[in-house]
Asker: 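Structure incoming, see below.
Every chain is numbered from 1 and lettered A, B, ... according to where its sequence line falls, protein lines coming before strand lines.
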Amino acid sequence: MPELPEVETTRRGLLRHVRGRRIQSVLVHEQRLRWPVTPELPTLLSGQLVRAIERRAKYLLLRMPNGTLIVHLGMSGNLRVVRGAQALLPHDHIELQLDSGAALRFNDPRRFGCFLYTTEAPRHHKLLKDLAPEPLTRRFDGEYLHRVTRGRRVAIKSLLLNGRLVTGVGNIYASEALFRARLRPQRQARSLTRAHCTRLVSAIRAVLKSAIRAGGTTLRDYVSAEGAPGYFKQKLYVYERAKLPCRRCRTPVRQLTQGQRSTYYCPQCQR
DNA sequence: ACGCCCTCCTGTTGGC
DNA sequence: TGCCAACAGGAGGGCG
């Protein structure tokens, strides 16, 4: 579910309610996530101040004096701030009770998300150390994308989902960025010229920024930390629009499967 | 090194 | 109405 815009929207929603708060207690209702939640989590977190909430790719980092909580929302996860004694919902797996009286709840039906605590610098953590540059920084530019696509026979759409080469882009925004860059998703990555790469980087940055402004994309169940859906779905050009007219040229949008994931594109606009 | 495929899970949807 | 297969926003890991 959540790609960079949804994770960033969650981060921003958490800031006002969680940053600067102390964790009073921790309840783990389900420890079987993508990786098992350590039984020590309550001991490790209780009493700690949440100093900062950062994002690296699709990971949220809650920085505390003694370490960092690394959270990934997987396909179906969300982090919500609830006031007081709200009833527990199905799949509310972890709750951090704050000194404000509010609580942070991690809900994840499919349990592909993770909730890990580390005392090492997050950038050295196994899950983060090999990630590509942040897509909204200057390190991610046309020259970079051109360099990492050299010699790669994989379809450009699939390459966009490889977090070691490009981060933050998931299945929705990969199709959307390629539409905006007017590039066919099936093209071998190595066929992209430097100019194509510049165009594609611009398209990725634009679609991610635009989606952040819209509060992310809610297809089915994504909600922000404050429970609000994102409304970028209204601005999607191709994703989940198979057979519907392209919003630019009216040609029916096509759907195909690449690497067991659905891809959408306009055969007229994208070459 | 690269690229493909499987896997982890639950919930929803669409076809028969 | 019921059943069942297909599919869903991620990404690590294993294999050839």
Asker: Donor-acceptor pair, distance only, cut-off 3.5 Å: does the side chain of A:Arg111 make one with the backbone of A:Ser76?
Answerer: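 Here the side-chain-to-backbone pair does not exist.
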
Asker: For residues 20-27 of chain A, dump all side-chain donor-acceptor pairs below 3.5 Å to protein atoms at least two apart in sequence or in another chain.
Answerer:
{"unit_1": "A:Arg22", "atom_1": "NH1", "unit_2": "A:Gly47", "atom_2": "O", "d": "2.9"}
{"unit_1": "A:Ser25", "atom_1": "OG", "unit_2": "A:Gln97", "atom_2": "OE1", "d": "2.3"}

Asker: Do the side chains of A:Lys126 and A:Glu120 get close enough for a salt bridge, i.e. N-O under 4.0 angstrom?
Answerer: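 Result for this pair is no, no salt bridge flagged.
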
Asker: Atom CZ of A:Arg110 and atom P of C:dA8: how far apart are they, to the nearest Å?
Answerer: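 Whole-Å distance recorded here is 10 Å.
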
Asker: Please determine whether the number of non-hydrogen atoms from other residues, nucleotides or ligands lying under 6.0 Å from atom CZ of A:Arg184 exceeds 12.
Answerer: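 Above 12, so yes.
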
Asker: Between C:dA11 atom P and A:Trp35 atom CH2, what is the distance in whole Å?
Answerer: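 Whole-Å distance recorded here is 9 Å.
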
Asker: Under the 5.5 Å and 30° test, is A:Phe112 stacked on the base of C:dA11?
Answerer: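 A stacking contact does not exist, since A:Phe112 is not both close and nearly parallel to the base ring of C:dA11.
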
Asker: Could you tell me how far C:dA6 sits from B:dC6 if I compare only their P atoms? Round to whole Å.
Answerer: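 13 Å, rounded to whole Å.
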
Asker: Let me know the distance between CD of A:Gln260 and P of C:dG12, rounded to the nearest Å.
Answerer: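 That distance rounds to 16 Å.
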
Asker: Along DNA chain B, 5' to 3', what are the outermost nucleotides having an atom less than 4.0 Å from a heavy atom of chain A?
Answerer: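 Going 5' to 3' along DNA chain B, contacts run B:dC2 to B:dG11.
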
Asker: Is A:Arg261 close enough to C:dG10 that one of its side-chain N or O atoms is under 4.0 Å from OP1 or OP2 there?
Answerer: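 Checking A:Arg261 against C:dG10: at least one side-chain N or O falls below 4.0 Å of OP1 or OP2.
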
Asker: Report which part of the nucleic acid A:Tyr59 touches: base, sugar-phosphate, or nothing (heavy-atom distance under 4.0 Å, all strands).
Answerer: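 Counting heavy atoms under 4.0 Å across all strands, the contact made by A:Tyr59 is with sugar-phosphate only.
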
Asker: Could you tell me whether the side chains of A:Glu40 and A:Tyr117 share a donor-acceptor contact shorter than 3.5 Å?
Answerer: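 No.
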
Asker: Can you measure A:Glu6 atom CD to C:dG10 atom C1' for me and round it to whole angstrom units?
Answerer: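 So the two atoms are 12 Å apart, to the nearest Å.
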
Asker: Dot-bracket, DNA chain B: Watson-Crick or G-U, under 3.5 angstrom, [ ] crossing, | other strand?
Answerer: .|||||||.|||||||

Asker: What is the distance, to the nearest angstrom, from the CG atom on A:Asn78 to the C1' atom on C:dG10?
Answerer: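 It works out to 15 Å between those atoms.
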
Asker: Atom CD of A:Glu240 and atom C1' of C:dC7: how far apart are they, to the nearest Å?
Answerer: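 In whole Å, C:dC7 C1' lies 10 Å from A:Glu240 CD.
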
Asker: Does a salt bridge link A:Lys235 with A:Glu176, judged by any charged N lying under 4.0 Å from a carboxylate O?
Answerer: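 No, no charged N to carboxylate O under 4.0 Å.
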
Asker: In terms of side-chain heavy atoms, does A:Gln188 have a donor or acceptor partner in A:Arg190 at a distance below 3.5 Å?
Answerer: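 The answer is yes; a qualifying pair exists.
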
Asker: How long is the line joining NZ of A:Lys233 and P of C:dA8, in whole Å?
Answerer: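 Atom-to-atom, A:Lys233 to C:dA8, this comes out as 14 Å.
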
Asker: Does a side-chain N or O of A:Lys126 approach OP1 or OP2 of C:dG13 to a distance below 4.0 Å, or not?
Answerer: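 Yes, within the criterion.
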
Asker: Identify whether any heavy atom of A:Gly163 sits under 4.0 Å from a base atom; if not, whether one sits that close to sugar-phosphate; answer base, sugar-phosphate or nothing.
Answerer: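 Touches nothing.
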
Asker: Does any donor atom in the side chain of A:Gln258 or A:Ser158 lie under 3.5 Å from an acceptor atom in the other side chain?
Answerer: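 The answer is no; no qualifying pair exists.
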
Asker: Using the ring pair (Phe, Tyr, Trp, His ring centres under 6.0 Å) definition, which of the options A:Trp35, A:Phe106, A:Tyr59 pairs with A:His72?
Answerer: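 Single pass found, and it is A:Tyr59.
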
Asker: Starting from the 5' end of DNA chain B, give me the residue, A:Pro109 or A:Val154, whose nearest nucleotide shows up first.
Answerer: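 Nearest nucleotide further toward 5': that of A:Val154.
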
Asker: Do the side chains of A:Glu54 and A:Arg11 get close enough for a salt bridge, i.e. N-O under 4.0 angstrom?
Answerer: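 A salt bridge is absent here (no side-chain N lies under 4.0 Å from a carboxylate O).
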
Asker: Whole angstroms only, please: what is the CG-C1' distance between A:Leu116 and C:dA11?
Answerer: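 Interatomic distance, CG of A:Leu116 to C1' of C:dA11: 14 Å.
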
Asker: Please state whether the phosphate of C:dC7, meaning OP1 or OP2, lies under 4.0 angstrom from any side-chain nitrogen or oxygen of A:Ser262.
Answerer: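 Indeed not, no polar side-chain atom of A:Ser262 lies that close.
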
Asker: Any base atoms under 4.0 Å from A:Arg153, or only sugar-phosphate, or nothing? Heavy atoms, all strands.
Answerer: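 Sugar-phosphate, backbone atoms only, no base.
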
Asker: Taking the nucleotide of DNA chain B with the nearest heavy atom to each, does A:Ala155 or A:Arg220 sit closer to the 5' end?
Answerer: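 First, find each residue's nearest nucleotide; the 5'-ward one identifies A:Ala155.
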
